[in-house]
2 protein chains.
Amino acid sequence: MADRVAASRPGGRSGRVLTAIYTSVGELVGEGADKISFPVIAERAGVNPTTLYRRWADVNALLEEVAVAALTRDGESVPDTGSLQEDLTRWAEIIARDIARPERTRYLRAMVSARVETVSGCPVTEKRGEQASEVVLRARGRGEPAPTVEQVLDHVIAPLYHHVAFALPVDDEYARRLVRDVLAMVR
Amino acid sequence: MADRVAASRPGGRSGRVLTAIYTSVGELVGEGADKISFPVIAERAGVNPTTLYRRWADVNALLEEVAVAALTRDGESVPDTGSLQEDLTRWAEIIARDIARPERTRYLRAMVSARVETVSGCPVTEKRGEQASEVVLRARGRGEPAPTVEQVLDHVIAPLYHHVAFALPVDDEYARRLVRDVLAMVR
């Protein structure tokens, strides 16, 4: 996803237009705007609505693209402490703190409402999967017993996002508990 | 929650009014109505909007009440097969099939959007917790090693609801995998 966004964000005019569109969507979502449509976004971004109709199938596709980009920042570094438990714990805490921030929560909710049909892949999950894979592969390289990437996604990532989406409390202790549990699967 | 709803649903006129309100909310959510407000619900239900303003703090409170009632049906029986693995597997499959139905998914999404502030307790989670508790206590009574109720909620229920909310595929195989994992925590 990061690559796709980067690839579609060349510098120059079209890069500036895209930034204006992303920013406007971010502002509207952040303000809790009731009705986010192509014309509303276009007006805020100061671009012709045609630009939006041409690039995205519908407003949900644009909302999802922005939400995903916001939820999986590039350059987020995955902890590398030499211990699987420590790596997973720090990583889960970073994610928990990040997605529990009100503006991230609003994006997450926007993403939930934007998805109507079942999606075959979720860029947020894919990105988290790549990060989990780094941690898990390094642990295996050190000879540590490690859960599968799928298990990390199902039992650390899914419960964290579930709690945020359903407005249940998320804190470091919750993140640590999930990591302890997923490690208990391979003991 | 079930008790609260039942208690506030006496027979006679006020019972019929409440049923009309619940039904109208269900219809509007089912139709994917864009704007669900007290006046819209009142018109559909054929009641005076004042009735709604008097009983619920805002439309989100009503939406959440209906969503929770719909998502945790009374009389849903918890499997009792004499084996923890079998009980949990059948229970998880029932939930997966139930919440993956389009009309439940719509309710779940309505619940996600209705929650703005962090909630201290979630009636859906509480209800699932009671059910998990039944299964876990019976297993302990038989001397089977069993996960905690919290672990069942975090690692079976949360991922199932996460998948439904984020429009990721949910099927029996996913439900079974989650149960296998949670049981691996106590082996």
Side-chain angles (χ1 to χ4, degrees), chain A residues 32 34-37 60 64 67-68 71 100 102 105-106 108-126 147-148 150-171 174-175 177-187, chain B residues 32 34-37 60 64 67-68 71 100 102 105-106 108-126 147-148 150-171 174-175 177-187:
Chain A
D34 223 33
K35 187 77 198 155
I36 304 183
S37 63
N60 287 340
E64 171 139 358
V68 166
L71 286 166
T105 304
R106 281 193 292 266
L108 261 175
R109 299 242 166 87
M111 204 165 86
V112 168
S113 15
R115 291 202 182 145
V116 178
E117 302 293 330
T118 301
V119 295
S120 57
C122 164
V124 169
T125 307
E126 277 158 27
T148 64
E150 200 173 55
Q151 285 175 321
V152 175
L153 289 176
D154 287 342
H155 302 292
V156 179
I157 296 303
L160 284 175
Y161 281 87
H162 166 263
H163 267 222
V164 172
F166 284 84
L168 293 162
V170 171
D171 56 20
Y174 185 57
R177 190 170 94 203
L178 296 172
V179 170
R180 276 197 301 271
D181 283 343
V182 82
L183 290 175
M185 288 177 198
V186 290
R187 241 167 235 142
Chain B
D34 223 32
K35 188 77 196 154
I36 305 184
S37 62
N60 288 340
E64 171 139 358
V68 167
L71 285 166
T105 304
R106 281 194 293 267
L108 262 174
R109 299 241 167 87
M111 205 164 87
V112 168
S113 9
R115 292 203 181 141
V116 179
E117 303 294 329
T118 301
V119 294
S120 57
C122 164
V124 168
T125 307
E126 279 158 26
T148 63
E150 201 172 55
Q151 285 176 321
V152 175
L153 289 175
D154 288 343
H155 302 292
V156 179
I157 297 301
L160 284 176
Y161 281 87
H162 166 262
H163 267 222
V164 172
F166 285 82
L168 294 161
V170 171
D171 56 18
Y174 185 57
R177 191 170 93 202
L178 296 171
V179 170
R180 276 196 303 270
D181 284 343
V182 82
L183 289 175
M185 289 177 197
V186 291
R187 239 168 239 142

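Here is how names work: the chains are called A, B, and so on, in the same order as the sequence lines, proteins then strands, and each is numbered from 1.
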Closest-packed option against chain B by number of heavy-atom pairs under 4.5 Å, given A:His155, A:Gln151, A:Glu150 |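 The residue among A:His155, A:Gln151, A:Glu150 with the greatest pair count is A:His155.
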Looking at A:Asp181, A:Val186, A:Leu160, A:Thr118, which one has more heavy-atom pairs under 4.5 Å with chain B than the rest?
->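 Of A:Asp181, A:Val186, A:Leu160, A:Thr118, A:Asp181 has the most heavy-atom pairs under 4.5 Å with chain B.
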How long is the span from the OG1 atom in A:Thr125 to the NE2 atom in B:His163, to the nearest 0.5 Å?
->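 Reported value, rounded in 0.5 Å steps: 6.5 Å.
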Of all the heavy-atom pairs spanning B:Ala158 and A:Pro159, show the shortest one and how long it is.
->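 Residues B:Ala158 and A:Pro159, closest heavy atoms: CB-CA, 3.9 Å.
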